[in-house]
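The block underneath contains the structure these notes are about, expressed in structure tokens.
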Amino acid sequence: MTMNISVPTLVVIPTYNELQNLPGLLGALFTHLPQVHVLVVDDSSPDGTGQWVEKRANDQIHLMQRPAKSGLASAYLDGFAWGLERGYEYFIQMDADGSHRVVDLTRLIERAQQSDKPDLVIGSRWVPNGGTQGWGAHRIALSRLGNAYIQALLRLGVADATAGFRVYRHPILRELVDSGEVQSRGYGFQVEMTWRAARRGARIVEVPIVFLERRAGESKMDGDIIKEELINVTKWGLWQRKEKVKSILCGATGE
């Protein structure tokens, strides 16, 4: 199925050693979404990912080559800033490893184009009809418990705040990037962007997806990334409660 997109759309794909996966992903993207532009943000992959993209760069395929491995959050922020300067309206976050299906992306974009114009569309594993493929029970439980903890502390009303498959609309992304407030370096970036968007009154919706286990290569997830996310969520949750108490006390004293 080929899909038409009504506004300029940029897919931002961070890479580090994804040469085995990226060609298939780009082929699927341009088959189903021939109008999109792609920015690959490569951290000087030793396997030649950046060089492969550079040879194929054209009006729709772009490369940002960074000098060293610098983290997922900075890759997306650099990519978003590049796209904001060039006037794109929709910004898509997507993994290079085949975990995010292009067939699901078409449904995320369809939802983004509806009349209520959501600021952020999240591809969710944990809403009805969403799920995973190739995950063990331990990994599913870890993700579900992590999201339950996030909801308990931050009250986002989002079932899958850790999801990295997203469509942002230009205005909310401009606010988030220009604020300079984003602190996360790793996968906690997804939660922080959701939280900061919600605090700005963004309309956030979720669309069910099926998340696949990566096709090839090694996962970048490790214990330090999970630790960073838990620490930050706890910090943001405590700060949020402090602000709420302060607001109540100020209201009670008439200040």
Side-chain angles (χ1 to χ4, degrees), residues 71-73 76-77 93 95 99-100 104 108 111-112 116 118-169 172-173 175-177 179-213 219-252:
L72 183 77
Y76 274 125
L77 290 172
Q93 274 189 221
D95 288 351
S99 297
H100 297 150
D104 287 332
L108 267 66
R111 183 66 186 87
D116 61 341
D119 299 290
L120 170 58
V121 181
I122 296 176
S124 178
R125 298 160 290 189
W126 310 129
V127 295
N129 299 317
T132 63
Q133 200 173 94
W135 279 25
H138 179 264
R139 191 173 175 189
I140 291 172
L142 188 64
S143 180
R144 283 191 171 276
L145 285 170
N147 274 289
Y149 183 72
I150 291 162
Q151 175 60 15
L153 265 71
L154 302 182
R155 303 294 181 184
L156 297 175
V158 173
D160 197 356
T162 61
F165 197 11
R166 302 169 171 228
V167 180
Y168 287 94
R169 193 176 289 275
I172 189 62
L173 192 60
E175 286 188 42
L176 294 170
V177 172
S179 73
E181 295 172 350
V182 179
Q183 304 165 358
S184 301
R185 298 188 307 275
Y187 285 79
F189 170 75
Q190 323 293 8
V191 182
E192 182 170 6
M193 291 288 280
T194 310
W195 177 62
R196 294 193 184 280
R199 288 184 58 79
R200 284 170 166 77
R203 177 172 176 75
I204 302 172
V205 299
E206 293 181 273
V207 171
I209 65 161
V210 175
F211 184 96
L212 308 179
E213 182 59 27
S219 172
K220 315 300 190 296
M221 181 71 75
D222 60 30
D224 288 341
I225 288 171
I226 296 171
K227 182 180 177 181
E228 178 204 45
E229 182 175 309
L230 290 174
I231 290 171
N232 283 340
V233 167
T234 303
K235 179 176 67 177
W236 299 327
L238 292 173
W239 179 86
Q240 195 164 271
R241 277 159 174 72
K242 180 181 176 181
E243 288 294 298
K244 186 175 181 180
V245 170
K246 183 179 177 181
S247 177
I248 292 170
L249 291 176
C250 287

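Model, not experiment: these values are computed from the prediction. Computation of the quantities below employed the complete heavy-atom set of this structure, encompassing side-chain atoms and omitting hydrogens, waters and symmetry-equivalent molecules. Just so you know, residue 1 is the first one in the sequence shown, and it goes up from there.
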message = If I compare all heavy atoms of Asn232 with all of Ser184, which pair ends up nearest, and what's the gap?
response = ND2-OG, 3.6 Å
query = Among pairs that include at least one residue of residues 197-206, which meet salt bridge (charged side-chain N to carboxylate O under 4.0 Å, His left out), considering only residues two or more places apart or in two chains?
reply = Asp116-Arg203, Glu175-Arg200, Glu181-Arg200
message = Tell me the closest heavy-atom pair linking Leu154 and Gly237, and the distance in Å.
response = CD2-N, 3.5 Å
N/O donor-acceptor pair under 3.5 Å between Asp119 side chain and Ile204 backbone = no
task = Identify the heavy atoms of Gln151 and Leu156 that sit nearest to each other, and give their distance.
result = OE1-N, 3.1 Å
request  = Please say whether more than 12 non-hydrogen atoms of neighbouring residues, nucleotides or ligands are located less than 6.0 Å from CZ in Arg111.
outcome  = yes
task = Might you point out which heavy atoms bring Tyr76 and Asp95 nearest each other, and give the distance in Å?
result = OH-OD1, 4.2 Å
inquiry  = According to salt bridge (charged side-chain N to carboxylate O under 4.0 Å, His left out), does anything in residues 147-164 pair up with another residue at least two apart or in another chain? List the pairs.
reply    = Arg125-Asp160
message = Can you classify the ring geometry of Phe165 versus His100 as parallel (below 30°), tilted (30 to 60°) or perpendicular (above 60°)?
response = parallel
key: Chi angles and distances behind the side-chain contact (heavy atoms from CB on, under 4.5 Å) call for Ile209, Leu108   = CA-CA 9 Å; Ile209 65 161; Leu108 267 66; 3.8 Å; yes
Could you list the donor-acceptor pairs under 3.5 angstrom formed between side-chain atoms of residues 126-135 and any protein atom two or more places apart in sequence or on another chain?
residue : atom : partner : partner atom : Å
Trp126  : NE1  : Ser143  : OG           : 3.0
Trp135  : NE1  : Glu213  : OE1          : 3.4

request  = Please identify each residue that fulfils side-chain hydrogen bond (donor to acceptor under 3.5 Å, both in side chains) with Asp104, with sequence neighbours left out.
outcome  = Arg101, Arg107
task = Would you check if the side chain of Arg241 reaches a backbone N or O of Leu153 as a donor-acceptor pair within less than 3.5 Å?
result = yes
key: Nearest non-hydrogen partners of Ala197 and Leu176, listed with the distance   = N-CD2, 3.8 Å
note = Residue set satisfying side-chain contact (heavy atoms from CB on, under 4.5 Å) with Ala73, at least two apart, ordered chain then number -> Phe189
query = With a 4.5 Å heavy-atom cut-off, do Tyr168 and Met193 have their side chains touching?
reply = yes
task = Verify, without hydrogens or angle tests, whether Ser99 (side chain) and Leu212 (backbone) share a donor-acceptor contact under 3.5 angstrom.
result = yes
query = Among all residues two or more places apart in sequence or in another chain, which pass the side-chain hydrogen bond (donor to acceptor under 3.5 Å, both in side chains) test with Trp236?
reply = none
request  = List the atom of Ala161, the atom of Val158, and the distance in Å for their closest heavy-atom pair.
outcome  = N-CG1, 3.7 Å
request  = Output, in order, the C-alpha distance, side-chain angles, deciding distance and verdict of side-chain contact (heavy atoms from CB on, under 4.5 Å) for Gln190 and Ile122.
outcome  = CA-CA 10 Å; Gln190 323 293 8; Ile122 296 176; over 6 Å; no
